[in-house]
Amino acid sequence: MQRISKRRTLPVALAVILLLGTGAAALTRQDPGPTRYVTDERGRALFLHGFNTSGSAKDDPDRLPWITEDDVQTEYDATGTNFVRLLIQWQALEPERGVYDEDYLDAVDERVEWYADRGYNVLLDMHQDLYGRHTSPEEHSGNGAPAWATHNDGLPVENQEMWELVYLEPGVIRSFDHFWGTTGEHPELMDAYADAWGHVAARFSGNTSVLGYDLMNEPFGGSLQGADFETGPLAELYRRSMSRIRSVDQDTWIFVEGQAVGVNWGLPSFLPRLDDPREGDPRIVYAPHLYALPMDLGQSYEGDSRGRIDKSVDTWSRSVQLVGERLEAPIVLGEFGLDMSGAGAPEFVGRVLAETETMASGRTYWSNDLDGWGPWEGRDEDDRLVPGPLADVMNRPYPRAIAGEPLEWGYDTDSGELSVRYTERAEVSGSTELYLPEDTFGTGPGDGFELTVDTPAGDSGWTSRWDADMRVLHVAVPGSTGGEETSMTVVPG
């Protein structure tokens, strides 16, 4: 389904207005990388690479993405992704207060299984933009909240040429204020939202392919901004939602975002450290978005603008890593993207991929739609997706999972060498998985690549298995008591 791109050029006036109250600080950091990693049921550190699926769900009458099961297979074949941020919406989940649409959840579950059958980790994202469609009698580009949870007190909401400006419409601000409890008139709304998350978690509890839940897409505080919003009602919503989720699901990871305004551009979030009520170690992930301010202001990744955009990405990276440390949370970049027809677009995507690899964070590109932003040029005569330039950029080697505590990993774009180094841990089982695209590593070991593994036990201390269909190399180092260091290198043959 074709749709209007989510992102538009952001006017300077809006940037200034929305930054009021967010605060800023000079930040420095020495060593990149997260304080923790997202892990799977075997304890392996996961490196999550994928797409958002997808913006088309906002406009679909059933609130479902355009993809088919064959499209999921094509996405894997073209890009080697292992992660998907799958959009769901409150308005579809709970069209009437306390009445949940099980047919909708069945359809979501079906799509989860399409990804699960291909080895993906799935993140369910409760998506909203502009609070919801029902802030105005005339449908606009918003999505998220159902009609019964929308109270704009009759204030106007006008469509704008640039969709972000609708956030400043009086009816949208008032709807958010009622939801967050700023007006004190609708305290039931946050509890209803948290209850909805509890229902979703009960449905997917035990499904090991559902890695986690993204509690709210790009939160906006209405008339309350900055630290007052993030440390106040936003943190409270997260606590209530986590409580409902943990009452039925102890295993999934909880993904949280700061307010989108400012944080997307590189300002630090004021989110406080959140206590996970699960039994055992907390499983909270910090999942900010990245939309570099110079690009939102209309600049392309070329010429003098390139340097300004690089500095913006550097600032974002430092801020995100510091917040991740404060939250003691792994980091996953929940959204980044741009119109791929723009000057320097593939180079910018490569820049962000390299940055997340330096940070050892996960990433999901916005999005896999057929809209000029995504990885497809269209469909062929047999209705199969045709990969475009973005697919080529995204299809790069990486460790899908590391069976220990990662120390470093890297991919040399010149030589094609992929290297991994980690400390073994007795409580981790399974193999390290390396994704090796065919255009660099050929069809298999010996013919396409050579593997070198260095363990304390020498050559007798490891085994490998090549999955040609998935193009994944499994390397197992059994019998570790923990503490030993293992390194492995794969080079094109």
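For the atom pair CG (D447) and OG1 (T443), the distance works out to 4.0 Å, reported to the nearest 0.5 Å. Taking CZ of R396 as the reference point, atom CG of D439 lies at 11.5 Å (rounded to 0.5 Å). In this structure, the separation between CZ on F270 and CD on Q225 is 11.5 Å, given to the nearest 0.5 Å. With values rounded to the nearest 0.5 angstrom, R273 atom CZ is found 7.5 Å from I284 atom CD1. Considering OG of S56 and CD1 of I67, their distance stands at 8.0 Å, rounded to 0.5 Å. Rounding to the nearest 0.5 angstrom, the gap separating the CG atom in N121 from the CG atom in L48 is 5.5 Å.
The shortest distance between side-chain heavy atoms of R42 and V428 does not fall below 4.5 Å. Side-chain contact between I402 and V420 is present, with heavy atoms from C-beta onward closer than 4.5 Å. Residues Y286 and V320 meet the side-chain proximity criterion, which asks for heavy atoms closer than 4.5 Å. Side-chain contact between I254 and L215 is present, with at least one heavy-atom pair separated by less than 4.5 Å. Under the 4.5 Å side-chain criterion, counting only non-hydrogen atoms from C-beta, E41 is not in contact with D251. Side chains of L451 and M488 form a contact here, defined as non-hydrogen atoms less than 4.5 Å apart. Counting only heavy atoms from C-beta outward, the side chains of E257 and M216 never approach each other to under 4.5 Å. With contacts defined as side-chain heavy-atom distances shorter than 4.5 Å, the pair T39/L46 does not qualify.
Between the side chains of E424 and T486, at least one donor N or O lies within less than 3.5 Å of an accepting N or O. Judged purely by distance below 3.5 Å, without hydrogens or angles, the side chains of D71 and T74 never pair a donor atom with an acceptor atom. One side chain, T53 or Y115, offers a donor N or O that lies under 3.5 Å from an acceptor on the other. In summary, the side chains of N82 and E433 do not present any donor paired with an acceptor at a separation below 3.5 Å, with no hydrogens or angles considered. Between Y120 and T81, the side chains place a donor N or O and an acceptor N or O closer than 3.5 Å (distance only, hydrogens not considered). Side-chain atoms of Y435 and N395 form a donor-acceptor pair, as typed in the model, at a separation below 3.5 Å. Between the side chains of E230 and S269, at least one donor N or O lies within less than 3.5 Å of an accepting N or O. With hydrogens and angles left out, the side-chain atoms of E408 and Y422 include no donor and acceptor closer than 3.5 Å. Under the 3.5 Å distance criterion, with hydrogens and angles disregarded, a donor-acceptor pair is assigned to the side chains of R363 and T356. When only modelled atom types and interatomic distance are considered, D369 and S367 share a side-chain donor-acceptor pair under 3.5 Å. Looking only at atom types and distance, the side chain of Q259 has no donor-acceptor partner in the side chain of N264 under 3.5 Å away. S317 and E355 share a donor-acceptor pair across their side chains, judged by distance under 3.5 Å alone. For the residue pair N368/E75, the side-chain donor-acceptor check at 3.5 Å is satisfied.
With hydrogens and angles disregarded, a donor-acceptor distance shorter than 3.5 Å links the side chain of W316 to the backbone of H289. A donor-acceptor contact shorter than 3.5 Å links the side chain of Q89 to the backbone of A57. Side chain of N217 to main chain of M126: no donor-acceptor pair is present (N/O by atom type, distance under 3.5 Å, no hydrogens or angles). R379 contributes no side-chain N or O that, together with a main-chain N or O of D382, makes up a donor-acceptor pair within less than 3.5 Å. With S361 contributing its side chain and L333 its backbone, the two residues share no donor-acceptor pair below 3.5 Å. Formation of a donor-acceptor pair under 3.5 Å by the T432 side chain with backbone atoms of A403 is found in this model. In terms of modelled atom types and a separation under 3.5 Å, the side chain of W409 and the main chain of T358 share no donor-acceptor contact. Panel note: side chain R244, backbone R240; a donor-acceptor pair is recorded below 3.5 Å. Remark: side-chain polar atoms of R326 are paired, donor with acceptor, to backbone N or O of L271 under 3.5 angstrom. No side-chain donor-acceptor contact under 3.5 Å links D412 to the backbone of G416.
Around the CD atom of E279, the shell of radius 6.0 Å holds no more than 12 heavy atoms that belong to other residues, nucleotides or ligands.
Checked against the 6.0 Å centroid criterion, the rings of F83 and F51 do not qualify as a close aromatic pair. Between H474 and W462, the distance separating the two ring centers is not shorter than 6.0 angstrom. Ring centers of F336 and Y365: under 6.0 Å apart, within the cut-off. Separation of the Y193 and W90 ring centroids falls under the 6.0 Å cut-off.
Salt bridge annotation for D70-R384: absent, with no cationic side-chain nitrogen under 4.0 angstrom from a carboxylate oxygen. A salt bridge between E328 and R36 is absent, with no side-chain N of the basic residue lying under 4.0 Å from a carboxylate O of the acidic one. Salt-bridge formation is detected for the pair D310/R351: a Lys NZ or Arg NE/NH1/NH2 atom is positioned less than 4.0 Å from an Asp or Glu carboxylate oxygen. Under a 4.0 Å N-O distance rule, the pair R44/E427 does not qualify as a salt bridge. A salt bridge does not link E69 with R111: none of the charged nitrogens is closer than 4.0 Å to a carboxylate oxygen. Ion pairing between a basic and an acidic side chain is recognised when a charged N comes within 4.0 Å of a carboxylate O; E485 and R421 show such pairing.
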| task | Report the C-alpha separation of R246 and D276 in whole Å, then their side-chain angles, then the decisive distance to 0.1 Å, and conclude whether the side chain to side chain contact (heavy atoms under 4.5 Å, CB included) test is met. | result | CA-CA 8 Å; R246 291 305 185 216; D276 186 346; 2.8 Å; yes
**Request:** Give the intermediate values and the outcome of side chain to side chain contact (heavy atoms under 4.5 Å, CB included) for residues L473 and S464.
**Result:** CA-CA 7 Å; L473 181 64; S464 67; 4.2 Å; yes
Please evaluate residues F255 and Y213 with respect to the criterion side chain to side chain contact (heavy atoms under 4.5 Å, CB included), reporting the C-alpha separation (whole Å), side-chain torsions for both, the decisive distance (0.1 Å), and the verdict. CA-CA 6 Å; F255 286 59; Y213 309 117; over 6 Å; no
| said: Quick one, L407 with T423, criterion side chain to side chain contact (heavy atoms under 4.5 Å, CB included). Give me CA distance, side-chain angles, the key distance, then yes/no. | reply: CA-CA 7 Å; L407 298 174; T423 301; 3.5 Å; yes
Exercise. Do N52 and S54 pass the side chain to side chain donor-acceptor pair (under 3.5 Å) test, and can you show the C-alpha distance, the side-chain angles, and the key distance before you say yes or no?
Worked result: CA-CA 5 Å; N52 283 263; S54 59; over 6 Å; no
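Classified by interplanar angle (parallel below 30°, tilted 30° to 60°, perpendicular above 60°), the ring pair F348/Y301 is perpendicular.
Applying side-chain contact (heavy atoms from CB on, under 4.5 Å) to L86 and the options V112, L64, V210 leaves one that passes, V112.
Among all heavy-atom pairs drawn from P233 and D228, the shortest one is CD-O, 3.6 Å. The minimum heavy-atom distance linking T440 with P492 is given by the pair O-CB, 3.5 Å.
The salt bridge (charged side-chain N to carboxylate O under 4.0 Å, His left out) analysis of residues 298-309, with sequence neighbours excluded, yields no pairs.
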